[in-house]
Amino acid sequence: MILMKLKTTKNVIPDSLAGRLRESSPQDPVGNLLCRATKMCIPPNPRPASLQILGLPSACTQPPASMTSKRGVLWMVVTAFFLGFLSLQGLCQQQKEKDLPNVLWLVIEDMSPQFLGAYGNKTVKTPAMDNFMEQAVRFDAAFSTGALCSPSRYTIITGTRTYEYGTGHHRSLFPIPGHIEGFPKYLREAGYYTTNNYKTDYNHAEHWPMTRSSWDENSQEAGWWSRAEGQPFFSVFNFNNTHQSRTFTNPYPLYEEQVLDHLAPNERIAAADIELPAFYKDTPALQKELSRTYNALKKVDKEIDTLLTRLEKEGLKESTLIFFYSDHGGGSLRSKGQPTSLGYRVPFAVWVPEKYRHMVPWKMGETMTEPVCFEDLAPTMLSIAGIPVPRYMKGRPFIGTVPEESRNYIVSSVDRSGEAPDLSRSITDGQYIYTRIFRPDLPEAKWQKYFDFSQSRQLMRNYAWKGKLDTLQSAMFGNRPIESLYHIKDDPWQIKDLARDPAYGNKLAEMRKALDRHLLASKDVMFIPEYEAMEISKSTTLHEFRQSPYYPFEEIYRVASLVGKEGTSEEQLKYLQSGNKFIRFWAAVGLGLHKHAKRDLNILKRALEDDSPPVSIEIAAILFKQGKDKKAARLLRAMIWHENPYLTWQAMYHILNMERSVGVYFHDDVAEMFKVRKKEKGYIALALDAAELYLFMHDGRPLYYERFW
């Protein structure tokens, strides 16, 4: 428990600590008790709450008659001692607050390090960021725990893993246990002034209460400048001009208005100067699209320069630790939302002023290869402030109290992104990254409105339909291999998959086993279908459910690991008879990747009656795609109109991904559902966006956005 610093100069002991004092033993010296409870000095107060709790008179009361006796004199001495002790402790606290460093976070969005000059890019113009990273400690193996903003930001604010708390889908509102706090709350209680400018996106049911408890200010105007004089601050600034909306999705004229028009002609990067990664088709149109990323970086570079200049002019730089990073990998093709280092790896640097260099084991200007990840940020911030790290945070603080043991691996995850389902897990040692795909039936370039609205994605899809892409470029539109292995430094654009190279067989096996061990120990709760997760969340949290006997994860994981493997259909048909619906679900997902003989199809037809709707939808999709089964068709049509939008979405996404000649069967139902449901207030966008994409693909109906960000 930490003493709360109020906005005034006065301080009080929180009610929760007062309660602990009331329950404490009278033999326990109050000073020792307070120091153990708070690990801080007790601040002064004109009417100290501790005196009221102990029954001591405050400075504003008349002394009792007993004070004239010897016993009363002794009592006065004791009282004076405690008042002096508390005053001394107050001075101690004031001195400690003076020694607490300020912390500034510079957070850019949707950016891979390959685009920055400090990481070797020769085309981009980012002198402010490059200069900062040259003076700071640069981390070459820094990874987001998710490849999308909301799962990443959940981990950043809580210091916990999405796949242990059910917060992996972008976006979702599942509840989390009540004891999980946003780490800035602990900083506030320790006396920090905390500000966020201004993105939150914390991805759970209690996100608004967490936002309120975490920040003194959370707005587009928030900054350190509103704190009390001498008060330490923690200020976050999110620079959104590198967000995918600007660099990839928004119409080009809007990008010009938001980014390009803010740059002088000599600051702009011309499309012809862009060197496209090999997974792009090399055309002027795609060069023009990728140049948006370079110019957005230039605009952000100028904004960062302005903020750092203000910090220095106000004389605060030499008392401020500065962090710079991106919230996940880039917003271009094969990056955002993808389970490779293009989706996870981020630029990351920390500058520490001379006054606080005793906190770090490195020299400024060094480059670190030891892996760090977003799970480490919350405990690191608490370590900087000298605050004990809660037990539920499992990351490693890398500033302040640095643990002696080194980390061997970092695990990152991708789950549903908008209306595009996925479940992929990756593990890296900083040199190699291994990924296991549990939904190989879905392509890398999954249908998703926010991505498919972009000119880049539409151009690549058109080239693919016309057969104008090479093997590497067209791979993003086909089924994915169940596992991949890439060397991060030697292959920064993830071009050469080493998973099928015999020379890397030992490394592949090593990292596969390491990932298995981690997921089994974590009891990854994201293997529950989202409809079932919603039902569970009505009575408990997914974090608590995953630890119950109702979630036999070892067996669920065994069956999920069969997905995409050849020669497993007999085993999956056996698991389809399991008494556990999650096991049956993953058996059904795996069966969807096999061609089935008549005997197997008869078994699948009986499984249509499954009492778990997600299972029956998976089976119906198999039966309709492989034989246009009439009973399966009726079930899918019923799901298109189901009152539960998660079931509609699951069915719609299967229909969306069917061959056009097969999926056209559902055209009239999809068109009518989209017309009716888009008028319903509060109907979730997952199902509607999938329906809109279906009509875009089948009818050429333009995708529509009411507003752009």
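What's counted below: heavy atoms across the whole structure, side chains too, no hydrogens, waters or symmetry copies.
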Item to check | Test item: side-chain donor near acceptor, Thr162 and Thr167, under 3.5 Å | outcome: no

Checklist entry - Is it the case that Asp516 and Tyr557 place a side-chain donor and acceptor less than 3.5 Å from each other? => result yes

Item to check | Rounded distance (nearest 0.5 Å) linking atom CD1 of Ile684 with atom CG of Asn644 | outcome: 7.5 Å

Checklist entry - Say you draw a straight line from CG of Leu703 to CE of Met697; how long is it, rounded to the nearest 0.5 Å? => result 11.5 Å

For residues 334-346, which side-chain N or O atoms pair as donor and acceptor with protein atoms under 3.5 Å away, sequence neighbours left out?
unit_1	atom_1	unit_2	atom_2	d
Arg334	NE	Glu444	OE1	3.4
Arg334	NE	Glu444	OE2	3.0
Arg334	NH1	Gln494	O	3.1
Ser335	OG	Ser332	OG	3.4
Ser335	OG	Leu333	O	3.2
Lys336	NZ	Asp110	OD2	2.9
Lys336	NZ	Gln244	OE1	3.3
Gln338	NE2	Glu444	O	2.9
Thr340	OG1	Leu342	N	3.3
Ser341	OG	Gln494	OE1	3.2
Ser341	OG	Gln494	NE2	3.4
Arg345	NE	Asp140	O	3.0
Arg345	NH2	Asp140	O	3.2

Checklist entry - Rounded to the nearest 0.5 Å, how far apart are CE of Met534 and CG of Leu542? => result 10.0 Å

Checklist entry - Taking side chain as C-beta onward, heavy atoms only, is Leu515 less than 4.5 Å from Val411? => result yes

Next on the checklist: Do Arg416 and Met526 have side chains that approach each other closer than 4.5 Å (heavy atoms only, starting at C-beta)?
Outcome noted: no

Checklist entry - Between Lys394 and Glu375, does a salt bridge (Lys or Arg N to Asp or Glu O under 4.0 Å) hold up when you go through it step by step? => result CA-CA 7 Å; Lys394 301 175 183 177; Glu375 189 180 29; over 6 Å; no

Next on the checklist: Tell me every residue that passes salt bridge (charged side-chain N to carboxylate O under 4.0 Å, His left out) with Glu419, counting only those two or more places apart in sequence or in another chain.
Outcome noted: none

Checklist entry - Got Lys446 and Arg480 here, is their nearest side-chain heavy-atom distance under 4.5 Å? => result yes

Checklist outcome for this item: Closest heavy-atom pair, Gly166 versus Phe174, reported as atoms and distance to 0.1 Å, is O-CD1, 3.0 Å

Next on the checklist: When you compare the side chain of His642 with that of Tyr531, does any pair of heavy atoms fall below 4.5 Å?
Outcome noted: no

Checklist entry - Taking NZ, NE, NH1 and NH2 as the nitrogens, is one of them in Lys507 or Asp501 under 4.0 Å from a carboxylate oxygen of the other? => result no

Next on the checklist: Is there a salt bridge (Lys or Arg N to Asp or Glu O under 4.0 Å) between Glu680 and Arg677? Walk through the geometry before answering.
Outcome noted: CA-CA 5 Å; Glu680 295 181 12; Arg677 288 277 167 79; 3.3 Å; yes

Checklist entry - Any side-chain donor paired with an acceptor under 3.5 Å for His594 and Thr568? => result yes

Checklist entry - Without hydrogens or angle criteria, can the side chains of Thr541 and His543 be said to hold a donor-acceptor pair below 3.5 Å? => result no

Checklist entry - Are a donor atom and an acceptor atom from the side chains of His170 and Ser417 found within less than 3.5 Å of each other? => result no

Item to check | Between Asp669 and Trp641: side-chain donor-acceptor atoms closer than 3.5 Å | outcome: yes

Next on the checklist: Determine whether Phe666 and His654 satisfy the following criterion, ring-ring contact (aromatic ring centres under 6.0 Å, His included), listing intermediate values before the conclusion.
Outcome noted: CA-CA 11 Å; Phe666 301 97; His654 272 295; over 10 Å; no

Item to check | Minimum side-chain heavy-atom gap Glu618-Gln650 below 4.5 Å | outcome: yes

Checklist entry - Does the side chain of Glu510 come under 3.5 Å of the side chain of Tyr409 through a donor N or O and an acceptor N or O? => result yes

Checklist entry - In terms of the angle between their ring planes, are Phe708 and Tyr705 parallel, tilted or perpendicular, with boundaries placed at 30° and 60°? => result tilted

Checklist entry - Can you list the steps and then say if His204 with Tyr165 is a ring-ring contact (aromatic ring centres under 6.0 Å, His included)? => result CA-CA 9 Å; His204 61 89; Tyr165 288 82; 9.7 Å; no

Checklist outcome for this item: dist Thr428:OG1 -> Ile410:CD1 (nearest 0.5 Å) comes out at 7.0 Å

Checklist entry - Roughly how far, to the nearest 0.5 Å, is the CD atom of Glu206 from the CD1 atom of Ile176? => result 5.5 Å

Next on the checklist: For a 4.5 angstrom cut-off between non-hydrogen side-chain atoms, does Tyr463 reach Ser474?
Outcome noted: no

Checklist entry - What are the two closest non-hydrogen atoms of Lys628 and Ser661, and how far apart are they? => result NZ-O, 3.9 Å

Next on the checklist: Checking Arg439 against Asp422 for the salt bridge (Lys or Arg N to Asp or Glu O under 4.0 Å) test, could you report, in this order, the C-alpha distance in whole Å, the side-chain angles of both residues, the deciding distance, and whether it holds?
Outcome noted: CA-CA 6 Å; Arg439 293 301 304 264; Asp422 202 353; over 6 Å; no

Checklist entry - Which of parallel (below 30°), tilted (30 to 60°) and perpendicular (above 60°) describes Trp586 and Phe527? => result tilted

Next on the checklist: So, taking the atom named NZ in Lys605 and the one named CG in Asp600, what distance separates them when rounded to the nearest 0.5 Å?
Outcome noted: 12.0 Å

Item to check | Over all atoms of both residues, closest heavy-atom pair of Lys581 and Ser612 | outcome: CB-CB, 3.9 Å

Checklist entry - Are Trp493 and Phe279 close enough that some pair of their side-chain heavy atoms sits under 4.5 Å apart? => result yes

Checklist entry - Can you list the steps and then say if Lys538 with Glu535 is a salt bridge (Lys or Arg N to Asp or Glu O under 4.0 Å)? => result CA-CA 6 Å; Lys538 293 175 182 178; Glu535 295 301 305; 3.1 Å; yes

Checklist outcome for this item: Heavy atoms of Pro175 and Ser537 approach each other most closely as CD-CB, 3.7 Å

Checklist entry - Where do Ile622 and Ala588 come nearest, in terms of heavy atoms and distance? => result CD1-O, 3.5 Å

Item to check | Six-ring centre of Phe438, Arg436 cation under 6.0 angstrom, axis tolerance 45° | outcome: yes

Checklist entry - Is there side-chain contact between Tyr665 and Leu636, with at least one heavy-atom pair below 4.5 Å? => result no

Checklist entry - Which atom pair, heavy atoms only, marks the closest approach of Ile619 to Ala607? => result CG1-CB, 4.1 Å

